[in-house]
Amino acid sequence: MRFERREHRPLYLLIVTPVIAVIAALALSGILISIAGAPVFDAYWRILTSAFGSRLSATETLTRATPLMLTGLAAAVAFRARLWNIGAEGQFYLGAIAVAAASSKLLGNLPAPILIPLLLLVGAIAGMVLILIPLWLRLRFSVDEVVTSLLLNFIAVLFVSMLIDGILKDPLAFGWPQSQSVSDHAMLPKLVARSRLHIGFAIAIGLAIIVHFVQSRTVFGMQSRAAGLNPGGAVFAGVPLGKTLVKVACLSGGLAGLAGAIEVMGVKGYVTTDLSPGFGYAGIVVAMLANLNPLGVVFAAIFTATMFVGADGMSRGLGIPTYIADVTVALSLLTMLIALFFTQYRIRR
Amino acid sequence: MMQLFDIIASAGLWAAILRIATPLIFGTLGALLCERAGVLNLGIEGIMTFAAMIGWLSVYHGADLWTGLLIAAVAGGVFGLLHAGLTVTLGLSQHVSGLGVTLFASSFSYYVFRLIVPLANTPPTIVPFQPIAIPGLSTLPFIGPAFFTQTAPTYLAITIALLMAYIIFRTPVGLAIRMTGENPHAAEAQGVNPMKVRYGAVIAGSALMGMGGAFLTLSAFNSFFPTMVQGRGWICIALVVFASWRPGRALFGALLFAFFDAFQLRLQTALSGLVPYQLFLMTPYILSIAALAVMARRARVPQALMQPYRRGER
C-alpha cells in the first residue's frame with residue numbers, strides 16, 4: 001500500500017472530515033458502551049438530551065464550552081506556528097489564581113466596569129508569563145517546549161495549591177484549601193437569567209472571530225503560519241522567527257490564562273485545585289478537531305462540552321462510567337488525525 | 001546539618017532510591033529506544049497508566065505477578081503499534097499522535113477500571129512482588145539492605161539497561177536502529193528497512209514503558225488509582241535528553257533523579273511545618289526542566305528524530 005499526495009484538496013473534504021472523524025469516534029465508543037452492556041443508541045440519545053434537553057442543561061453545556069473555546073484557541077494559535085504549547089492547563093490555573101490574588105489583595109474595591117476588564121487582563125498576563133519560560137528555554141537552549149510546558153502544568157498546580165493553603169487561603173472555608181472569593185462586582189454578568197451561562201461565552205466567541213481575522217488578514221498571521229509551515233524558509237523570506245514565536249506564545253498563553261480568569265469570574269468565584277477537569281488538555285483535542293481553525297474551535301468546543309455534560313446524565317441513567325466522555329473525545333482526536341491524513345494523501349495501488 | 005547527614009547515611013534512603021528509580025529506568029529506556037529509531041513517543045504517560053491498570057487488574061483476577069507484568073508489557077506494545085501506525089506508516093506529527101495516544105490510553109484505563117471495579121471507600125488490593133534478598137550480598141553491612149533486597153522487577157530493569165547498552169552499541173540490530181534514527185535513507189541504502197526498524201523499536205520501547213507503569217501497581221503499591229503515574233512519563237522523556245540517548249547514562253540519570261526524589265521526601269518530614277510541602281513536590285519537575293536546559297545543547301539528538309520517512313521522498 002502506498003500513499004500519493006493529493007494535488008489539490010477539494011473543499012468538501014475539509015468540511016466533511018471533522019464530521020466523519022466524530023462519527024468514527026462515536027462508533028468506536030459505541031463498541032465500548034455495548035461491551036458494558038448498555039444499548040448504544042439509547043446511550044447517545046441520553047447524552048444528547050442530558051446536554052441540550054432543557055434550558056438548564058443547554059446553558060450548562062455552553063458554560064462548560066466557554067473555557068474549552070479559549071484553551072482550544074490557545075492550542076490552535078500555537079500549533080499553527082508549530083509552537084507546541086501543551087501547558088494550557090498550567091496557564092489556566094495561573095490566570096485563575098492571579099485573578100483571585102488581584103481581586104482580594106489589590107483591586108477589589110474598584111467599580112465593576114473598571115475592575116472586570118482589569119482582572120481579565122491580569123489573568124491573561126499571568127498565562128503569558130508562564131508560557132514564556134518554555135519559549136525562552138527553546139530559543140536560548142533549544143529545549144523542546146513540549147516536555148517543559150507539560151512539566152510546568154504540575155508546577156503551576158502545586159504553586160496554586162501552596163497559595164490557597166497559605167497567603168490566599170479563605171479563612172471562612174472550614175479548613176478546605178480554597179482561595180478567598182473574588183468580590184461580587186468582579187463576577188461576570190449573566191448572559192441568561194437563572195442559569196450559570198455568563199458573558200464569558202460571548203467573549204470567547206468574539207475572541208475566536210478576532211483570532212480568525214488576525215490569522216487570515218494580518219502580517220502577523222501570515223508570519224506565524226509561515227513559521228509553522230517551514231521555519232527555515234520563513235527566516236529566508238525575512239520573517240523574524242524569534243519575535244513571531246514570542247508574539248504567538250503571548251497570544252496562546254494569554255488565551256489560556258484568560259480561560260482561567262473567566263472560569264473564576266464567571267462560574268466559581270474562587271480557586272481550588274480542581275477548578276479545571278483538564279480544560280487545558282481537552283483544548284488540544286478541541287484545536288485538532290477544528291483543524292486549527294479558530295472558528296471551527298467554537299463548534300469543536302461545543303461538541304466536547306456536550307460529551308462531558310451529556311455523559312454525566314447518561315452515566316446516572318445507564319450505569320456507564322462517565323469516563324466514556326473522555327474516551328470518546330480522545331478517540332476523536334485520533335480519528336481526526338487519520339481523517340486529516342486522507343485529505344492530504346490518497347491510497348495508490 | 002546533622003539531620004541531613006543522618007538522612008544520607010540511612011540504608012532506607014538508598015533502598016528507596018532503587019525503588020523510585022525502577023519505573024523511571026523502564027520508561028526512560030523505552031523512550032530512548034523509540035527515539036534512537038527516530039520516533040518521539042509522547043504516548044508514554046498514557047501507556048504507563050494503562051499498563052499499571054491492566055497489570056493490576058490481571059493479578060486481581062488471579063493471574064500471577066509475572067503474567068501480570070507480561071500482560072502490561074504486551075498492552076504497552078499494542079499502544080506502541082498504534083503510535084507506530086500513525087507516525088511511521090502515515091507519517092503524522094509525532095507530537096500530536098503521542099498526545100492523542102496518552103489522552104486515549106489514560107481515559108480508556110479509567111473507563112475500564114471503573115467498569116470492572118466499582119467505586120469503594122477502600123480500593124481493593126493485591127499481594128505485590130516481595131523483596132528478594134540476594135544470598136551473600138544482602139548480608140553485607142549497609143550496602144546489603146540498600147541495594148540487594150529489592151523486588152525482582154528492579155533487578156530486571158537494571159539488567160535490561162545493561163543489555164540495551166550492549167545491543168545498541170555492539171550488535172548489528174543496534175547499528176540498524178541507530179542508522180534509522182540518524183539517516184533512514186542511508187539505512188535503506190544499506191539494506192535496512194527503516195519502516196520495520198521503527199515499528200520494532202516503538203513496539204518494544206512501548207512494552208518497556210508498560211513494564212515501568214506495571215511496576216507501580218505490582219511492586220511499589222498494591223492498588224491502582226487514576227492519577228498514580230503523576231507525570232513520571234514526562235520525566236522519562238526529559239531523562240532521555242539528560243542521558244544523551246545512551247542507556248548507561250539513562251540508568252545513571254534515573255538513579256540520580258531518584259536520589260533527589262527520595263532525599264526531598266525525607267527532608268520534607270524533617271522540615272515539616274517550616275516549608276510548604278508543595279515546594280518539595282515541585283522539585284522533581286523543576287529538576288527535569290533544569291536537566292533539560294543543562295543537557296539539551298550538549299546532547300547529540302538522533303538527526304532523523306521526528307522526521308517521517310517516506311520512500312523516495314526527501
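Please read these numbers as outputs of a predicted model, since none were measured by experiment. Note on naming: letters A, B, ... go to the chains in the order of the sequence lines (proteins, then strands), and numbering restarts at 1 for each one.
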Student: A:Phe141 vs A:Trp136 aromatic rings, parallel, tilted or perpendicular, using cut-offs 30° and 60°?
Tutor: perpendicular
Student: Name the member of A:Ala36, A:Ser142, A:Ala325 that forms the most heavy-atom pairs with chain B at distances under 4.5 Å.
Tutor: A:Ala36
Student: Looking only at heavy atoms and a cut-off of under 4.5 Å, which of A:Val146, A:Leu137, A:Asp144, A:Leu333 has the most pairs with chain B?
Tutor: A:Val146
Student: I'd like to know if B:Arg300 pairs up with B:Glu182 as an ion pair, taking the criterion as any Lys NZ or Arg NE/NH1/NH2 lying under 4.0 Å from an Asp or Glu carboxylate oxygen.
Tutor: yes
Student: Using a cut-off of under 4.5 Å on heavy-atom pairs, state which of A:Tyr323, A:Phe159, A:Tyr281 scores highest against chain B.
Tutor: A:Tyr323
Student: Answer whether the closest heavy-atom distance between the side chains of A:Phe303 and A:Leu289 falls below 4.5 Å.
Tutor: yes
Student: Taking atom CZ of A:Arg82 as the centre, does the number of heavy atoms from other residues, nucleotides or ligands within less than 6.0 Å exceed 12?
Tutor: no
Student: Taking side chain as everything from C-beta outward and backbone as N, CA, C, O, which of these in B:Thr102 sits under 4.5 Å from a heavy atom of chain A? Side chain, backbone, both or neither.
Tutor: neither
Student: Which one, A:Asp326, A:Asn153, A:Leu150, leads in non-hydrogen pairs under 4.5 Å with chain B?
Tutor: A:Leu150
Student: Quick one: which of A:Ile35, A:Leu151, A:Leu158 has the most heavy-atom pairs under 4.5 Å with chain B, could you say?
Tutor: A:Leu158
Student: Contact part of A:Asp165 toward chain B, heavy-atom cut-off under 4.5 Å: side chain, backbone, both or neither?
Tutor: side chain
Student: Please flag which part of B:Ile116 lies under 4.5 Å from any non-hydrogen atom of chain A: side chain, backbone, both or neither.
Tutor: neither
Student: Measuring heavy-atom distances to chain B, does A:Ile86 have an atom under 4.5 Å in its side chain, in its backbone, in both, or in neither?
Tutor: side chain
Student: Heavy-atom distance under 4.5 Å between the side chains of B:Leu42 and B:Trp234, does that happen here?
Tutor: yes
Student: Over 60° means perpendicular and under 30° means parallel, so tell me whether B:Phe108 and B:Phe50 are parallel, tilted or perpendicular.
Tutor: parallel
